[in-house]
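So the structure is just underneath, and the comments pick up after that.
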Amino acid sequence: LVTAKAWPSVEPAYEAARQALRAAGVEVAHFDGVLPNPTTDLISKGAAMAKELHAEVIVGLGGGSSMDSAKAIAVEVSHPGTAWDYLYYKTEQPDPLAVLPVVAITTTSGTGSQVTQVAVVTNTAQRDKSALYNPALFPRVAIVDPELMMTAPPHLTAATGFDALTHAFESTLHPAASPYTDLLAIEAMRLVLHHLPMAVRGEGGLAARSALAWADTLAGLCIASAGVTLPHGIGMAIGGMYPHVMHGEALAVVYPAIARFTWRAAPSKYAALARMLDPSLAGMPDEGAAEQSASALERFLHDIGLEVTLAALRVPREELPLLAQQSTVLPDYKSHPIVATQDQIATILDQSYGAPVA
């Protein structure tokens with residue numbers, strides 16, 4: 001079973017995969033119901049199709065939504081109940097001997113799902129976005145072909161590329177960071193900051209796309225070994241409550257405010273980010289450079305066309321307290337250099353709201 005979005009930009013890749021599989025004597029079926037922020041209903045439909053076909057392998061072809069859908073379907077088709085019953089915090093966990101093998105073929109450079117043990121799903125009835133997190137969800141095979149990313153439109157390129165940057169940076173803040181993850185993170189950040197603006201402008205060709213694909217993979221390995229922090233807790237809550245918001249947008253909208261909230265607690269980390277964003281800060285002491293990180297982030301987001309506000313993303317202001325509460329459901333915020341209270345998160349959200357859109 002191949003999970004792939006029914007989008008024109010994905011169709012050539014799907015057709016190539018289908019032909020290659022059939023040439024090898026493999027029977028192929030296409031589940032084309034994948035949507036951004038895949039839902040529990042979507043996963044159940046895919047799992048029902050996989051059961052009916054007696055699928056033996058799930059191929060996730062596309063961006064993070066397609067790959068996460070493949071992982072969740074691989075769990076639900078082989079276990080009682082639904083994938084939602086096997087979230088990271090629940091007693092019942094996937095049986096590694098039962099989960100169908102997943103082949104991940106990424107067509108974007110951002111989520112790193114091709115090398116992680118995570119599948120993110122949204123329960124629309126509960127307005128909750130959460131995750132399965134288990135070693136059984138690591139894809140058996142990851143195919144990263146930058147040629148598949150050449151047709152990604154500018155906004156998708158920007159949003160996914162910024163996601164990769166945040167994976168790398170947040171892994172350096174995480175208590176489980178190590179010299180291994182820091183080494184990968186620094187290289188991933190360097191590659192994104194250099195190549196993403198070019199790719200968004202349609203420049204750099206295959207070289208830029210290859211660099212971003214490698215950065216995405218490195219950043220995925222970072223979060224598979226360490227993890228993410230407060231921005232992802234808030235970003236997941238935004239995606240769960242407002243599924244029309246892309247994950248990269250949800251991160252971009254709060255990143256400057258979170259930088260202003262956090263830099264004093266992790267000056268060396270934020271100084272390193274600021275200097276990579278703005279080389280003119282190279283000679284400045286950590287405190288001074290770190291203080292500039294939020295402004296440097298804002299300039300970068302402007303350069304890649306991802307300077308957004310919660311108002312522009314159609315998040316109702318009256319729901320900010322509920323969004324702040326939902327941002328503490330996942331444990332990511334506990335791994336941040338400052339463990340934020342709901343009131344502090346509400347302030348971050350208020351600072352990220354911007355002017356109402358007419």
Side-chain angles (χ1 to χ4, degrees), residues 36-37 110 120 122-124 126-131 155 158-160 162-163 165-167 169-170 173-174 223 227-266 269-270 273-274 277 290-302 304-358:
N37 291 318
V120 176
T122 298
N123 188 316
T124 51
Q126 298 180 19
R127 301 184 75 187
D128 187 14
K129 186 175 182 179
S130 194
H155 189 68
T160 53
F162 188 72
D163 188 19
L165 178 69
T166 66
H167 287 163
F169 179 62
E170 288 171 48
L173 299 175
H174 198 278
I223 60 171
V228 290
T229 62
L230 176 63
H232 267 76
I234 299 177
M236 291 277 283
I238 292 172
M241 291 180 65
Y242 315 104
H244 64 275
V245 179
M246 294 174 65
H247 183 54
E249 294 173 331
L251 293 166
V253 76
V254 295
Y255 238 80
I258 291 176
R260 291 189 173 94
F261 169 71
T262 311
W263 71 264
R264 290 179 181 84
K269 303 297 184 182
Y270 276 90
L273 173 63
L277 286 161
E291 188 175 7
Q292 298 298 314
S293 59
S295 297
L297 276 164
E298 287 171 337
R299 290 193 295 272
F300 180 73
L301 290 168
H302 176 77
I304 61 173
L306 207 59
E307 194 176 31
V308 291
T309 64
L310 287 171
L313 294 175
R314 307 197 308 279
V315 173
R317 182 179 277 280
E318 63 271 19
E319 289 197 352
L320 293 189
L322 179 59
L323 179 56
Q325 178 182 343
Q326 194 68 14
S327 297
T328 62
V329 171
L330 291 174
D332 300 330
Y333 77 102
K334 296 179 181 179
S335 298
H336 202 65
I338 302 174
V339 179
T341 65
Q342 285 189 25
D343 286 344
Q344 289 172 322
I345 294 173
T347 298
I348 289 169
L349 294 172
D350 186 68
Q351 293 171 349
S352 306
Y353 194 81
V357 177

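The distance from atom OG1 of T347 to atom CG of L320, rounded to the nearest 0.5 Å, is 10.5 Å. Atom NZ of K269 sits about 13.5 Å away from atom CD of E170, to the nearest 0.5 Å. Separation of atoms CG (L310) and CD1 (I238) is listed at 5.5 Å; rounding is to 0.5 Å. Note that CD1 of I304 is 11.0 Å distant from NE2 of H302, once rounded to the nearest 0.5 Å. In this structure, NE2 on H167 lies 11.0 Å from CZ on F162, to the nearest 0.5 angstrom.
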Exercise for review: Go through the steps for F169 and Y255 under the test side chain to side chain contact (heavy atoms under 4.5 Å, CB included), then give the verdict.
Suggested key: CA-CA 11 Å; F169 179 62; Y255 238 80; 3.8 Å; yes
Practice item. Check the pair I234, L349 against side chain to side chain contact (heavy atoms under 4.5 Å, CB included), reporting the backbone distance first and the verdict last. Key: CA-CA 9 Å; I234 299 177; L349 294 172; 3.8 Å; yes
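Side-chain contact check for T166 versus H232: some heavy-atom pair is nearer than 4.5 Å. Put simply, the side chain of T229 does not reach to within 4.5 Å of the side chain of I258, judged on heavy atoms. Side chains of L230 and V254 form no contact here, defined as non-hydrogen atoms less than 4.5 Å apart. In this structure the side chain of R127 reaches within 4.5 angstrom of the side chain of Y242, judged on heavy atoms. Using a 4.5 Å cut-off on side-chain heavy atoms (C-beta onward), L273 and L297 make contact. Between L322 and M241, the closest side-chain pair of non-hydrogen atoms falls below 4.5 Å.
Heavy atoms only, all atoms of each residue included: K129 and T122 are closest at CG-OG1, 3.5 Å. Smallest separation of non-hydrogen atoms from V308 and V253: O-CG2, 3.6 Å. Here the shortest heavy-atom pairing between G305 and H155 reads O-ND1, 4.1 Å. The shortest non-hydrogen separation linking Y333 to T328 is CE2-O, 3.3 Å. Of all heavy-atom pairs spanning L323 and V315, the tightest one is CD2-CG1, 4.3 Å. When all heavy atoms are compared, the tightest approach of S293 to Y270 is OG-CD2, 3.5 Å.
Of the candidates N37, V120, V329, V120 is the only one forming a side chain to side chain contact (heavy atoms under 4.5 Å, CB included) with M236.
Q342 places no side-chain N or O within 3.5 Å of a backbone atom of A324 that could act as its donor or acceptor partner. In terms of modelled atom types and a separation under 3.5 Å, the side chain of T262 and the main chain of A259 share no donor-acceptor contact. Although no hydrogens or angles enter the test, the distance criterion places no donor-acceptor pair under 3.5 Å between the side chain of S327 and the main chain of A237.
Side-chain atoms of S335 and H174 form a donor-acceptor pair, as typed in the model, at a separation below 3.5 Å. Side-chain contact of H336 with D332: a donor-acceptor pair under 3.5 Å is absent, judged by distance alone.
Residues forming a side chain to side chain contact (heavy atoms under 4.5 Å, CB included) with A159 (at least two apart in sequence, or on another chain): M246, L306. Looking at residues two or more places apart in sequence or on another chain, you find no salt bridge (Lys or Arg N to Asp or Glu O under 4.0 Å) involving R264.
Cation-pi geometry between R317 and Y353 is satisfied (NZ or CZ under 6.0 Å from the ring centre, within 45° of the ring normal).
More than 12 heavy atoms of other residues, nucleotides or ligands sit less than 6.0 Å from atom NE2 of H244.
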